[in-house]
There are 2 protein chains.
Amino acid sequence: MKTQRENSRLTTADRLVLTAMRLFGEKGYGSTSVADILREAGANSGSLYHAFPTKQDLLVAVLGLYRDGIEPMLLEPAWTGVDDPIEQIFALLASYRSRLEATGCTYGCPIGSLALELHEPDPPVREALAVNFDGWVSAVEGRLLAARDRLPAQTDIRALAQFVLTVMEGGVMQSRTHRSLQAFDAGVTVLRDYFQRLQTPPPTPDSTERS
Amino acid sequence: MKTQRENSRLTTADRLVLTAMRLFGEKGYGSTSVADILREAGANSGSLYHAFPTKQDLLVAVLGLYRDGIEPMLLEPAWTGVDDPIEQIFALLASYRSRLEATGCTYGCPIGSLALELHEPDPPVREALAVNFDGWVSAVEGRLLAARDRLPAQTDIRALAQFVLTVMEGGVMQSRTHRSLQAFDAGVTVLRDYFQRLQTPPPTPDSTERS
DNA sequence: GTCTATATACGGATAGAC
DNA sequence: GTCTATCCGTATATAGAC
């Protein structure tokens, strides 16, 4: 579960951020010590504190990496070969499922984990988390806009995009706790049912008397 | 945000668990030190370790309290005066909203926070978290069963109950991160729309040609 | 069962030479 | 920019008298 060793062609600062990103994702922020990061990155204390005054600054840098990686590292791989915008949303969810499955339901969404681990994060950290959520939601919103003609006219597109994130995060939380994909899958299935109902026009007023 | 002082008529062990419950909820498990708990409970180190060999044993006891409190502390207050089973589900969600609102969106669901804070919890802790989720889901499932005749016959009741938990936890996570009720409210609104659609029979096959 | 005092480890962060 | 050595606070847990 650890990459062969963060590419040694990078600068020390970059290696430290990448190592921190991996360890924060694996063990969380609080349980990752600066000493862990230094050891795994093959760096020394002085180098880290030269680039990052505090451990928290390192966290903010990691969250920036996640943000910048949403498009190339998350969306692009998930969407190749999938054309339908709504199916792209479910392909995104499937990528989280793969991650859960590949790790025995121990790793889900690193942003969500950090968001709940840090109860009272300092403003820059909280903002960086919020920016990550916003970026994710905006990507889903874009897919919904592309499928707008298949959704009821009065649909709140932004709220529906947030709802997709909600379903992903809630499902990941339960699957990690139960160490089973069942809860995540159940959530996706229900969400799919909802999308199907959204795309099915309701009975017209004068047709209700037929049933 | 702190009770006037955990009732001094209780045994020391009980006072310690109640204090730990409060502090774990406020600051998380990792950020609450044993010294914090001792100070706030007005107890000494020896008393704690006499009753609980480790801090983790204290956590398991706290999770047991949460489990036992679902019915009397959570459901009963939320459901008084609400008769409709589906409205009881939304009343339960409203109780989480109240908690978010009362705390400036800093406290949501203590179980969910712990579930994501503890990345690789020891088996007894993970089980205790899972038991809490199960108890919550079963309560919602009971309400859905009471409303079964208003839902499509093929509805997976258990999965739908899990979905309600998913929506609550995902909404709480985002609202805490954004420090705004908007995301939570949006999730509840979308969920309500879904329930309405579930309760609206779809067009019969031979009526589709009318539209 | 409760008290005080303390063992022991590890945390983040720093100093100052090179 | 990177190195080694280390400061200093706080963490969980324990010892042993009462």
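Letters A, B, ... mirror the listed sequences (proteins, then strands); counts begin at 1.
For Ser175(B) (side chain) and Phe184(B) (main-chain N/O), a donor-acceptor pair under 3.5 Å exists by modelled atom type.
Contact check on Asp36(A) versus Arg22(A) returns no salt bridge, with no Lys/Arg side-chain nitrogen under 4.0 Å from an Asp/Glu carboxylate oxygen. For Arg67(B) and Asp134(B), the salt-bridge test fails: no basic side-chain N is under 4.0 Å from an acidic carboxylate O.
Side-chain atoms of Gln174(B) and Cys105(B), non-hydrogen and from C-beta on, never get closer than 4.5 Å to each other.
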Using a cut-off of 4.0 Å between protein heavy atoms and nucleotide atoms, how would you tag nucleotides 1-16 of chain C 5' to 3' with B, S and -?
BBBBB-----SSBB--
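For Lys55(A) and Tyr49(A), the positive end is not near the middle of the six-membered ring at less than 6.0 Å and at most 45° from its axis.
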